[in-house]
Amino acid sequence: MTKNILVLPGDGIGPEVMAQVGRVLDWFAAKRGLGMTITQDLIGGCAYDRDGVPLAPATLKAARAADAILLGAVGGPKWSKVAYDKRPEAGLLMLRKELELFANLRPAIVFDALLEASTLKPEVVRGLDIMIVRELTSGVYFGEPRGIETLPNGERRGVNTQVYTTSEILRIARVAFELARQRSKKVCSCEKSNVMESGILWREEVTKLHAAEYADVELSHMYADNCAMQLLRNPKQFDVIVTDNLFGDVLSDEASMLTGSLGMLPSASLGAADASGKRPAMYEPIHGSAPDIAGKGIANPLASILSAAMMFRYSFGWMPEADALESAVESVLNAGIRTPDIAQPGLKTVGTAAMGDAVLAALEA
Ligand code: NAD
């Protein structure tokens, strides 16, 4: 079955890294006969320049129709004075909200060849492979009431509200349990039930769901602050971590830095499956548009290439192809091929296109 993929390269290094992803997809179409129809459109600052908005209605329509979206990155200093709701980042937030991409999956994997890139001791992170599942469309970033008000005494007060409903907790917990079944069957659920009612509800609902449907998976609970500490102390104790929007924001950034490089880490954002089983999904590197190196041809395309591997695995069920692509990336690293961001000082490096060449050569091999 042919899959419709919408490619949104975005701004800065986005188009540079996505060009390498395009070559990889072409390789799988030509050499493995994978059926893919690829369309490309604008998002972010470049869309604002063309359409006056960071996400045009026609682009959103194409995103809804696609089987999966591959995104580069958005933003840059050029658009720093643009009104808040027209900023490049607003286009990305709108896309996530409109497609209800409530589950954000962020793997933190340490490749043996990049052990030295982590700031932690090699024995702490060697072989690390954890998955953070963050709730993305509710919680304190969306709860009402919110705002900044002036009190009668002239003092100002900022308000945000943490809210979660049963259904919001259950659907994200389900994603975590299902993922754990494909991995080491271990889920750690993180909240602050010691001080927050929304955390109490979170823990109760996750516990009930586990007993009812996922007793084959090992479930543990942890306060989010303890999890932040454990991620540094002994990260390999975790397999899948499931948590809310706010704690997930912090914990996933912390976990990503265990690996030492932003240019290596992919992510997936998933919505709910419809009656036909189709699940909205967007795959993107966790890094931004890196304006400091945009146009220099030195950006690391591996996070974007690994995002395509996640798309193969989670949207299309193309497991052997996902494995092949991840192995190709690993063998490139094992061969010592490095873009500047992952190179030891003084060592020879390659540019974005040469890294793409190396991945294609590894696939051929
Ligand atoms: P960034 O991730 O763009 O860059 C941080 C640092 O990492 C920079 O030094 C950059 O050169 C380096 N870097 C990032 N990706 C790299 C890669 N693939 N290869 C080599 N080096 C890489 O974060 P920032 O500087 O805070 O943000 C820049 C812009 O990107 C801002 O406009 C921000 O809003 C936007 N942003 C977008 C996204 C997204 O599109 N999902 C995410 C984060 C930031």
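First listed ligand is number 1; within each ligand, the first listed atom is number 1. None of these values were measured; they are calculated from a predicted model.
- With hydrogens and angles left out, the side-chain atoms of E284 and S267 include no donor and acceptor closer than 3.5 Å.
- Contact shell of ligand 1 (protein heavy atoms, cutoff 4.0 Å): I13, A73, V74, G75, G76, E89, L92, L262, G263, E284, H287, G288, S289, A290, P291, D292, I293, A299, N300, D341.
- Under a 4.0 Å N-O distance rule, the pair R157/E149 qualifies as a salt bridge.
- At least one donor-acceptor pair closer than 3.5 Å links the side chain of R146 to the backbone N or O of Y141.
- Ion pairing between D249 and R106 fails under the 4.0 Å rule for side-chain N and carboxylate O.
- A cation-pi arrangement, defined by a distance under 6.0 Å to the six-membered ring centre and an angle within 45 degrees of its axis, is absent between K78 and Y48.
- Taking the centre and axis of the six-membered ring of F102, the NZ or CZ atom of R171 falls inside the cone set by 45° and 6.0 Å.
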